[in-house]
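To keep things clear, I will list the structure first and then write my remarks on it.
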Amino acid sequence: MISSHLLERNHHEHAPIAEFPGSQEASRAVAGEIAALIRARQQERRACVLGLATGSTPVSLYAELVRLHREEKLSFANVTTFNLDEYYPLAPDHAQSYRRFMRTHLFDHVDLDPARTHLPSGTVPKPEVDAHCAAYEEAIAAAGGIDLQILGIGRTGHIGFNEPGSPRHSLTRLVTLDPLTRRDASADFGGDLATPRHALTMGVRSILNARRVILMAWGQHKADIVRQALEDEVSPRVTASFLQEHPNALFVLDAAAAGSLTRHRAPWLVGPLADQGLAWDERMTRRAILWLSQLKQKPILKLTDDDYNEAGLQDLIRAHGSAYDANLIGFYEMQHTITGWPGGRDPAKAKPGDAPVRPLRSGSAGTFPKRVLVLSPHPDDDVISMGGTLCRFVDQGHEVHIAYEVSGAGAVANEAVWRLLAFGRDSGLTNPAETARLNALCTELASDKPVPSTPELLRWKALIRRNEAIAGARVCGVPESRLHFLDLPFYEAEARSRRYGPADVAVLSALLNQVRPHLIYAAGDLDDPHGTHRLCLHVLRDALAGAAKEKASWLAQSELWLYRGAWAEWPLDEIDLAVPLSPQEVLRRRRAIFRHETQKDQALFLGEDRREFWQRTEDRSRRLAQAYNNLGLAEYEAIEAFKRYAPADFAVSTAF
Ligand code: F6R
């Protein structure tokens, strides 16, 4: 039920919010509201007009509506639908068309009359576009207007395809897509070139005309834009912010998408913590002190009572006695995250006076050497995200395994295959009978025309990435015998329809039982543009839950650490382990990243940031070192950071 998850509004938030622990529950609640509306209209013998969205967000909503139809006899016979948008130009049967999406996820599985389903047409001739858009508006009006409009939100803040700058009075029209939107879509279209530049979309006004609007958002990668839409002033820069002006709009969020709201990031600004069921525990104290240190641009130990008072943190001082005492708590909490020995020291080489090894806690804290398992969703996430730490583990004598979870074939440009095939053709190494075929393939791959992704081509691409991973791991000193290429089956499906299942979990479980790791490092980065990291984390969660159920003996000895990945760093207050790197280690990590040649200048999925991965990695880890230094801690060349999860907690966590 939505109503039981409605948040009490605070003065930072300008529209109602319902927050759920996970997107599945949230989708079920929204489906419940839709079903209730459809049924109410049926009783009144009236039509129900729904405004629908596409994209990854509503997939679970549509799955639930289909379930309600099949199992609870929800009929769609009285439903009329209008979709927000369609790429332009694009044929309705194109694999990425929104018409096709709607058929796949909803229309073909319920008793909706196809004649009552409406989407803007991606094939209408250019001169007729304006008339077509006007007719779309008229059709909505003729149906009596939209009763309930479902929305997702793009990372540009768009609703529909109303990109930044779209005015409040805009109606259905032809628009140019924002580069960030195109990049997010390019995974589905198989690269930048094949991604449409335009779309037809309902306008801001067409959306606001709906009697009820529900915007849904899931995941960390939406958290910042959701905060802007809800907490900043209304502006065409973030078109979702216009919902603040709607009398009956609701934001339905999962915990991750709500994570940047002031109520979560800085709850002391919302009101007394006790009133919010919170307390000044160590975490909260550290978070507030880091926030204050950044606000005042002062190292922690220089913060004064006045600084705390002025920033509204009187409560915190009261809880800890004085700024001096509070400062020490924040300072030591951060200091204790730092260790150059992430796997602990060799007890045989211990000297009196060695600094204590922090922050290992598990039953294996004293074990040396440790078995370390690094889980790398794509073949380069290991070195990009924690290449320096990986080298440290090897150099300090631990047994390091790396498991590459998916092949990453989808991110290899045809040109990379062409180069290798041309080498094969010309080197004399291949069977002469193959020459003609290789030649034909080379000509095809070298042309600008899109080449269909045959299983053979994908196999070659996977092989290229596998060898890059082997070369990268070699730079870090991990031998091929400790590399595990899992090829999780979920990756075989098309990007948007990927789902993981028992087959994926079984593969990872088998590896965990084989390696019996003391330390597991996994990507906790949920910002990757097409969700592979998120799926890999789900697979891990289920595999660990399985191990807990089977009472696997290695589990009690094991710790789980999450790295954040190529796209972002953990916020300072969430870091539990910070591994400093020397300038030499930074260079070695760079060499390891360089081994992933296909992901350099021709990388297909760089995301928002156009710099190469090694540049981002260095910038990210240097900036983190700088941030530590600004807090008044030691000055390092670079730092790689991790967040701890107790596998047992993680196994039951719904946060992902
Ligand atoms: C789709 C649409 C878009 C998406 C938005 C979020 O019909 O109009 O506004 O809702 O781009 O996309 P996902 O859900 O894929 O993150």
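Just so you know, ligand 1 is whichever comes first in the structure, and atom 1 is the first atom listed for that ligand.
For Glu163 and Thr156, the side-chain atoms include at least one donor-acceptor pair closer than 3.5 Å.
Checking each of Thr123, Thr104, Thr117 against Arg99 for a side-chain hydrogen bond (donor to acceptor under 3.5 Å, both in side chains) leaves exactly one that passes, namely Thr117. For the side-chain hydrogen bond (donor to acceptor under 3.5 Å, both in side chains) criterion with Asp382, the lone passing option out of Tyr521, Tyr563, Tyr404 is Tyr404.
By heavy-atom distance, the residue among Ile150, Leu177, Ile225, Ile153 lying nearest atom 6 (C) of ligand 1 is Ile153. For atom 3 (C) of ligand 1, the nearest non-hydrogen atom from the set Gly55, Gly152, Ala53, Gly160 comes from Gly160.
If you look at Thr181 next to ligand 1, there are no close heavy atoms at all, none under 4.0 Å. Using a 4.0 Å cut-off between heavy atoms, Thr54 contacts ligand 1 through both its backbone and its side chain.
For ligand 1, none of its N or O atoms has an N or O atom of Tyr98 under 3.5 Å away.
Using 4.0 Å as the threshold, Lys222 has a heavy atom nearer than that to some atom of ligand 1.
Atoms of ligand 1 lying under 4.0 Å from any heavy atom of Leu84, numbered from 1 in the order shown and given with element: 8 (O). Remark: ligand 1 atoms within the under-4.0 Å shell around heavy atoms of His158 are 3 (C), 5 (C), 9 (O), 11 (O).
Within a 6.0 Å sphere centred on CZ of Arg265, heavy atoms belonging to other residues, nucleotides or ligands number more than 12. Under a cut-off of 6.0 angstrom, the local environment of CZ in Arg197 is sparse, with at most 12 non-hydrogen atoms contributed by other residues, nucleotides or ligands.
Using cut-offs of 30° and 60° on the angle between ring planes, the pair Tyr98 and Tyr87 is tilted.
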